[in-house]
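Quantities reported herein were computed from a predicted structural model and do not represent experimental measurements. Chain identifiers are assigned alphabetically (A, B, ...) following the order of the sequence lines, protein sequences preceding nucleic acid strands; residue numbering begins at 1 within each chain.
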2 protein chains.
Amino acid sequence: MSPRKSAVEARHTRERIVARGMAIASVDGLEGLTIGRLAADLGMSKAGVLGHFGTKQALQLAALRAASEVFTRTVWRPVEHVEPGLPRLRALCGTWADYLETERATFPGGCLFTTAAIEFDARGGPVRDAVARLFTAWRRRLATEVATAVERGDLPAGTDPDQVAFEVFGVFLALNQEIQLFGSPDAHARTRRALDRVLAG
Amino acid sequence: MSPRKSAVEARHTRERIVARGMAIASVDGLEGLTIGRLAADLGMSKAGVLGHFGTKQALQLAALRAASEVFTRTVWRPVEHVEPGLPRLRALCGTWADYLETERATFPGGCLFTTAAIEFDARGGPVRDAVARLFTAWRRRLATEVATAVERGDLPAGTDPDQVAFEVFGVFLALNQEIQLFGSPDAHARTRRALDRVLAG
DNA sequence: CCTACCGATCGGTAGG
DNA sequence: CCTACCGATCGGTAGG
């Protein structure tokens, strides 16, 4: 029987739980992320797992938050200092595509946001709200980048930033499906060509 | 207590179960489609529901098959006799967009295929295979239509049909998300503009 | 972080 | 198509 742990040990345990939780949720959804499964995978008791969060919903929200930190670190941070506008937009499309391919250790079932969005889009509640907020924020980020590109003259005057953001999103939803459902090897080539068309000057 | 029913009555009951099942699965996923929930909604016993299918998996497959019949009836049948190539492609994009908006009584949680694809894309088994088959068949349908459009000179020579099919799919994935997650009123306008760009001659 | 437990629900079966 | 039941698992709690 494990005694109570120090604060740093407890924090480390919490991180292990959340990391495993992201992987499970990526495959089986945030509802399929059960406390018993998590406990078994980690060799802990259910109460030991739940004690870190209190409720399943809090665990789901913790997994979402952690996933958004992975996304920010992997997709946004590397391009943060690239020149705003079209250069940064193209750069983040690159890191975004890599993220879908590379983060498979973290998200073996594909992007957790996409999974969570579909899973909760017809429901209410804090989880749905958190997912919607994350998507909205990223869409806004894209639209802002497009707007800058237009101001700089890298995209035609009169381009609708929200329209381009919508279309870019569609390409990445298709890429995610191509990878996850079809395992298609030319998914990235298709994505690049589609983006070239959407972001054509 | 209900006695055994005649064959036609039994068939009617089965159809009621499947119809309700599609609606539930559209919101809560094919795993969230539980036998107890279905029985409660229909005022039946669990054994009465399950007797029509044998296993939950068979019920899931029945819901998918019924959904594909709805899709065919709503999206494909109305355009079946339109001139092949770009005219039919544009026409089916129209019925497809309408389907996402109109079939909300049948699929209150949005297109069942999109939900099922995300839910099962990281697993194996017959349900995943059925979903993948449906998507593949529809993608092939789109690509064939594009190829015909190229032959007829409605799209530029050298156009890659699979590339266009990929991009069209992306637009509709984005439309589904726009409707379900954001409830955006200009989703259809965005879709039309995106398709105009993808299908530009 | 553990053991021990709670009521509810899961998919499914036996038997009529 | 029903009642009655099965073992397994769910989220969560009490108490240490």
Side-chain angles (χ1 to χ4, degrees), chain A residues 1-21 24-25 27-64 116 119-120 123-128, chain B residues 1-21 24-25 27-64 116 119-120 123-128:
Chain A
M1 34 197 75
S2 315
R4 280 200 188 73
K5 301 281 183 62
S6 72
V8 285
E9 283 171 319
R11 194 181 156 183
H12 180 239
T13 300
R14 199 195 133 104
E15 281 165 6
R16 277 180 66 227
I17 296 171
V18 171
R20 188 81 202 104
I24 293 173
V27 173
D28 291 320
L30 284 168
E31 288 303 347
L33 173 56
T34 68
I35 296 152
R37 165 88 189 278
L38 210 37
D41 283 9
L42 296 169
M44 293 175 63
S45 67
K46 293 199 311 176
V49 169
L50 198 56
H52 285 272
F53 307 95
T55 65
K56 177 175 184 175
Q57 185 174 91
L59 168 63
Q60 293 173 321
L61 291 168
L64 271 182
E119 192 178 6
F120 283 88
R123 313 183 195 176
V127 177
R128 188 223 141 89
Chain B
M1 31 196 81
S2 315
R4 281 199 186 74
K5 300 282 182 64
S6 72
V8 286
E9 283 171 319
R11 195 182 156 183
H12 179 239
T13 300
R14 200 195 131 104
E15 281 165 7
R16 276 181 65 227
I17 296 171
V18 171
R20 188 80 202 104
I24 293 173
V27 173
D28 291 320
L30 284 167
E31 288 303 347
L33 173 57
T34 69
I35 297 152
R37 165 88 188 278
L38 209 37
D41 283 9
L42 297 169
M44 293 174 63
S45 67
K46 291 199 311 175
V49 170
L50 199 56
H52 284 272
F53 307 94
T55 64
K56 177 174 184 176
Q57 186 175 89
L59 167 65
Q60 293 173 321
L61 292 168
L64 271 182
E119 191 177 6
F120 282 88
R123 312 182 195 178
V127 177
R128 188 224 141 88

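- For the pair A:Leu59/A:Ile17, a side-chain contact is recorded, criterion being any heavy-atom separation below 4.5 Å from C-beta on.
- Side chain of A:Glu119 to backbone of A:Leu30: a donor-acceptor contact under 3.5 angstrom is found.
- The CD-P distance, from B:Glu31 to C:dC10, rounds to 12 Å in whole Å.
- Within 6.0 Å of CZ on A:Arg11 lie no more than 12 heavy atoms contributed by other residues, nucleotides or ligands.
- Distance B:Asp28 CG to D:dC10 C1': 16 Å, rounded to the nearest Å.
- Summarising the geometry, the separation between CD1 on A:Ile24 and P on D:dC10 is reported as 10 Å, rounded to the nearest angstrom.
- Residues A:Arg37 and A:Arg20 form a side-chain contact, since some pair of their non-hydrogen atoms from C-beta on lies under 4.5 Å apart.
- The distance from atom NZ of B:Lys56 to atom C1' of C:dT13 is 17 Å, rounded to the nearest whole Å.
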- [ ] Take B:Leu61 and B:Val127 through the test side-chain contact (heavy atoms from CB on, under 4.5 Å) and record every step on the way to the result.
- [x] CA-CA 6 Å; B:Leu61 292 168; B:Val127 177; 4.1 Å; yes
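- Minimum atom distance to the side chain of B:Ala47 is reached by C:dA14, of the listed D:dC1, C:dT3, C:dA14.
- Non-hydrogen atoms lying under 4.0 Å from DNA chain C are contributed by B:Thr34, B:Ile35, B:Gly36, all within residues 34-45 of chain B.
- One atom, NE2 of B:His52, and another, C1' of D:dC1, lie 7 Å apart when rounded to the nearest Å.
- B:Lys46 contributes a side-chain N or O that forms a donor-acceptor pair with the base of C:dG11 under 3.5 Å.
- A distance of 6.5 Å separates NZ of A:Lys56 from OG1 of A:Thr34, quoted to the nearest 0.5 Å.
- Summarising the geometry, atom CZ belonging to A:Arg123 is positioned 5.0 Å from atom CD belonging to A:Glu31; distances are rounded to the nearest 0.5 Å.
- Annotation: the span from B:Leu38 atom CG to B:Lys46 atom NZ amounts to 11.5 Å, rounded to 0.5 Å.
- Regarding B:Gln57, its CD atom lies at a distance of 12 Å from the C1' atom of C:dG11, rounded to whole Å.
- Rounding to the nearest 0.5 angstrom, the gap separating the CD1 atom in A:Ile35 from the CZ atom in A:Phe53 is 9.5 Å.
- Applying the 4.0 Å criterion to OP1 and OP2 of C:dG11, one finds that B:Thr55 has every side-chain N and O outside that range.
- Atom C1' of nucleotide D:dC5 and atom CG of B:Leu50 are separated by 15 Å, given to the nearest angstrom.
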TODO: Any chance you could encode DNA chain D as dot-bracket? Rule is Watson-Crick or G-U wobble with both distances under 3.5 Å; [ ] for pairs crossing earlier ones, | for another strand.
DONE: ||||||||||||||||
